[in-house]
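Report on one structure; see the data block that follows.
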Amino acid sequence: MEKVNRRIRTRFAPSPTGPLHIGGVRTALYSFLFAKKHGGNFILRIEDTDRNRFVPGAEEYIVESLNWCGIMPDESIIKGGFFAPYRQSERKEIYQRYAEQLIADGHAYYAFDTAEELEALRMKTEREKRVFSYDASVRMNLRNSLCLPPAETEKMLKENVPHVIRLKVPAGETITFTDLVRGEVSFNSDLVDDKVLIKSDGMPTYHLAHLADDIEMQITHAIRGEEWLPSAPAHILIYRFLNKENEMPQYAHLPLLLKPEGNGKLSKRDGDRLGFPVFPLQWKDPKSGEISMGYREQGYYPEAFINMLALLGWNPGTDQEIFTMEDLIRHFSFEHVHKSGARFDPEKAKWFNAQWLHRKPVNELAASLKNQVEKQGWFNAAFDERYFLKAAELLRPRVYFDHEMAESGKYLFCKPTGYDEKVITKKWREPLRSFFQVLADETLANIESFTAEQVEQTFKSLAEKHQQKTGDVMPLLRVFITGAGSGVDLFPMLELLGKTEVIERIRTAIIKI
RNA sequence: GGCCCGUUCGUCUAGGGGUCUAGGACAUCUCCCUUUCACGGAGGAAACACGGGUUCGAUUCCCGUACGGGCUACCA
């Protein structure tokens, strides 16, 4: 009610335990789109409360990935902001304060059970074919401030006996909330365990930390993966116990990204196995040195990557498929977020990239092509700006990726080094030698304006004069010029190469053949 | 196992009681364009998981079943 007029604030809160998975990027994207659509702020917060799982470089990776995608946080560890710091490890006192309030109000308690004790209990219940749950049914038989004499609790706290703080989940309640994607969802509190809020190392768990920060940072919409749905009731309870239910963000649980084939959610392994990236950027594991490929390094445009990701679980309700970030911002809404998991399709990802490639301004492609040609060492002074422009135009519809242009159009920059045997065997006959001789030395040599149209016309009339079918003689011409049986449109290519080069290549070919 | 969430062409999805002979896109197939391979264009094959209700009518609502997914840590 009062949140209706609050400024929209969303956050993406990954933990720096490794590279950001494309599922995570999608969560960030949706959070960003939603905030921007409503003129709000998008915040990047780092949830580094687990010291054991911290991976060096992961934080930088996250920042760089979002940056590459164009998902720009308004507040972050880099940018700062009114609610700084944005790294949870730097906000420890806040969580302590929340935990203490919960204890003071009787909604949380100290627990002294050791990891070993709990492990033993788990083993025991497992043998009885049940699952151990630290909850109302057993908590009074364990070692915590609820059942221990107050004096003993106090003594242990004073002596710094390792302990955690747990949420005291009431029994027999139905917890209901409205999810932006799924509608009304309800849980029985009997099945919610007494979640650890503060770990024995003094760090908060996700459950407390994300929630405290969402309150502190005035987050209005908490968008996260479906894997969080089962712990949502615990989170609702904490808001309630804190008397902050009216400040609780709206939760949206996104469907998961599934493997292209087989069962389960998309994982790092799938990428390696099926040969497509599952990470936006290349990642080198600092421990093993193992390298995982990234969309950026594979040659994907960030626009295409984002476009593809946005449509995996969301749709505009129309037939439009190609979206700029601005389009996405304009059209995004949770009503059109699908409820079930989406199987990732690497083929369609490529298609999206081709679509974006086909829409790029040619001069951009030309510049990139020039770069590739230089890198290959194929450059020479005859290739001016116009040349690259034309070449890019010819090459563009034949590739999925920008970086494929030079290689697939090598013959536009280098003379052929051999001739496709298949075409030669099929089409070459000795009498044709004189035809090509005349073509090179007379017909082409005499053309004053060497345009595609002119060349095509004179070539075809020469063929007719020699009683040759164009279908026989054109493939040969192509092979003589490019060395290959297929490639870009023949006559525009001849125009591009220019009279001298074309004549020279034909002469060379009929000598070598 | 328990709990929660889900289930429309192979894949991403539209639709949400009658307009559904279920629409689009990727992939696939055919044809057209073309010297070729693409691009582009035209067309084809291809789906409402199953069983019960509710209803005059169910792909759409309800309940079961099956299947899929997630969670079940002092990880997020």
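Sequence lines set the chain letters: A, B, ... in the order given, protein chains first and strands last, and positions in each chain run from 1.
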- Query: Hey, are A:R182 and A:E226 close enough for a salt bridge, meaning a charged N less than 4.0 Å from a carboxylate O?
  - Reply: yes

- Determine the Euclidean distance between corresponding P atoms of B:A46 and B:U54; express it in Å to zero decimal places. 34 Å

- Just checking A:R396: base, sugar-phosphate only, or nothing, at a heavy-atom cut-off of under 4.0 Å? nothing

- Message: Measure NZ/A:K469 against P/B:U34 and give the value in whole Å, please.
- Response: 17 Å

- Query: Quick one: A:M405 CE to B:C39 P, roughly how many Å, whole number?
  - Reply: 17 Å

- Message: Please determine whether a side-chain nitrogen or oxygen atom of A:K199 lies at a distance below 4.0 Å from atom OP1 or OP2 of B:A76.
- Response: yes

- Task: Mind checking A:D489 for me? I need base, sugar-phosphate or nothing, with any heavy atom below 4.0 Å counting as a touch.
- Result: base

- Query: Would the number of heavy atoms belonging to other residues, nucleotides or ligands and lying under 6.0 Å from NZ of A:K427 be above 12?
  - Reply: yes

- Check the distance between B:U11's C1' and A:F276's CZ and give it to me in whole angstrom. 13 Å

- Message: Nearest whole Å is fine: how far is B:U11 C1' from A:L311 CG?
- Response: 13 Å

- Message: Base of B:A27, side chain of A:K348 - is there a donor-acceptor contact under 3.5 Å?
- Response: no

- Note on the structure: If pairing means Watson-Crick or G-U wobble with both distances under 3.5 Å, then the partner of B:U55 is none

- Query: Within the structure shown, what part of the strands sits under 4.0 Å from A:H207 by heavy-atom distance: base, sugar-phosphate, or nothing?
  - Reply: nothing

- Message: Less than 6.0 angstrom separating the ring centers of A:Y61 and A:W283, yes or no?
- Response: yes

- Task: Measure from the side-chain heavy atoms of A:L191 and tell me the nearest of B:U36, B:G2, B:G69.
- Result: B:G2

- Item | Salt-bridge contact A:D270-A:K268 (side-chain N to carboxylate O under 4.0 Å) | no

- Kindly indicate whether a cation-pi arrangement holds for A:K168 with A:Y109, taking the cut-offs as under 6.0 Å to the six-membered ring centre and within 45° of the axis. no

- For B:G1 versus B:C20, give the span between their P atoms, rounded off to a whole number of Å. 42 Å

- Task: Write down the distance separating the P atoms in B:A42 and B:G6, rounded off to the nearest Å.
- Result: 38 Å

- Query: How close or far is atom P of B:C75 from atom NE2 of A:H210, stated in whole angstroms?
  - Reply: 16 Å

- Nucleotide of B:C4, B:C74, B:U13 approaching A:V185 most closely (side-chain heavy atoms): B:C4

- When the nearest nucleotide of RNA chain B is assigned to A:F344 and to A:V131 on a heavy-atom basis, which residue is associated with the more 5' position? A:V131

- Reckon A:R130 touches a base, only the sugar-phosphate, or nothing at all at heavy-atom distances under 4.0 Å? nothing

- Task: Look at all strands and tell whether A:G487 reaches a base, only sugar-phosphate, or nothing, counting heavy atoms closer than 4.0 Å.
- Result: base

- Task: Can you figure out which of B:C5, B:A76, B:U13 approaches the side chain of A:H338 most closely?
- Result: B:U13

- Query: Do A:Y295 and A:F305 have ring centroids that are under 6.0 Å from one another?
  - Reply: yes

- Item | Aromatic contact, A:F352 with A:Y301 (centres under 6.0 Å) | no

- Task: With C1' as the reference atom in both, quote the distance from B:C48 to B:U60 in angstrom, rounded to an integer.
- Result: 9 Å

- Message: Please classify the nucleic acid contact of A:T49 as base, sugar-phosphate, or nothing, using heavy-atom distances under 4.0 Å.
- Response: sugar-phosphate

- A:K350 NZ - B:A27 C1' separation (whole Å): 11 Å

- Query: Of all the choices, B:A25, B:A73, B:A76, which nucleotide is nearest to the side chain of A:W351 once you look at every atom?
  - Reply: B:A25

- Query: Can you tell me if the side-chain N/O atoms of A:S15 get under 4.0 Å from OP1 or OP2 in B:C75?
  - Reply: no

- Partner nucleotide, any strand, of B:U19 [Watson-Crick/G-U, under 3.5 Å]: none

- Query: In whole angstrom, what separates A:K339's NZ from B:C12's C1'?
  - Reply: 17 Å

- Message: Under 4.0 Å, heavy atoms only, any strand: does A:K265 hit a base, just the sugar-phosphate, or nothing?
- Response: sugar-phosphate

- Message: Can you see whether A:Y110 has A:R166 sitting over its ring - NZ or CZ less than 6.0 Å from the centre and within 45° of the normal?
- Response: no

- Checking all strands, does A:K129 fall into the base, sugar-phosphate, or nothing category for heavy-atom contacts under 4.0 angstrom? nothing

- In Watson-Crick or G-U wobble terms, both distances under 3.5 Å, what is the partner of B:C3? B:G70

- Query: Within the structure shown, what part of the strands sits under 4.0 Å from A:V196 by heavy-atom distance: base, sugar-phosphate, or nothing?
  - Reply: sugar-phosphate

- Separation between the C1' atoms of B:U8 and B:G16, rounded to whole Å: 12 Å

- Message: On the nucleotide B:U11, are OP1 or OP2 found under 4.0 Å from the side-chain N or O atoms that A:K259 carries?
- Response: no

- Item | Greater than 12 external heavy atoms within 6.0 Å of A:K390's NZ | no

- Quick note, A:R166 side chain, CB onward, closest among B:U72, B:C74, B:U11 is B:C74

- Message: Students often get this wrong, so: under 4.0 angstrom with heavy atoms, is A:A115 touching a base, only sugar-phosphate, or nothing?
- Response: base

- Task: May I ask you to say what A:F187 touches in the nucleic acid, namely base, sugar-phosphate or nothing, with a heavy-atom cut-off under 4.0 Å?
- Result: sugar-phosphate

- Looking for any heavy atom pair under 4.0 Å, which part of the strands does A:L256 touch: base, sugar-phosphate only, or nothing? sugar-phosphate

- Query: Parallel, tilted or perpendicular for A:Y251 and A:Y239, by the 30°/60° rule?
  - Reply: perpendicular

- Query: Counting only side-chain N and O atoms of A:R182, is one of them less than 4.0 Å from OP1 or OP2 of B:G6?
  - Reply: no

- Message: Using the C1' atom as the point on both nucleotides, what is the distance between B:U36 and B:C12, in whole Å?
- Response: 33 Å

- Task: State the pairing partner of B:G64; accept Watson-Crick or G-U wobble contacts with both distances under 3.5 Å, and report none otherwise.
- Result: B:C50

- Task: From the options B:U7, B:A14, B:U36, select the nucleotide whose nearest atom is closest to the side chain of A:N315.
- Result: B:A14

- Message: By the 4.0 Å heavy-atom rule, please label A:R343 as base, sugar-phosphate, or nothing.
- Response: sugar-phosphate

- Out of B:C39, B:G1, B:A76, minimum distance to the side chain of A:R53 belongs to B:A76

- Task: Between B:G15 and B:G52, how far apart are the C1' atoms? Round to whole Å, please.
- Result: 25 Å

- Expressed in whole Å, how much space separates the P atoms belonging to B:C61 and B:A27? 32 Å

- Note on the structure: Whichever of A:V337 and A:H358 has the more 5' nearest nucleotide on RNA chain B, that residue is A:V337

- Looking at every strand, decide which applies to A:S340 at a 4.0 Å heavy-atom threshold: base, sugar-phosphate, or nothing. sugar-phosphate

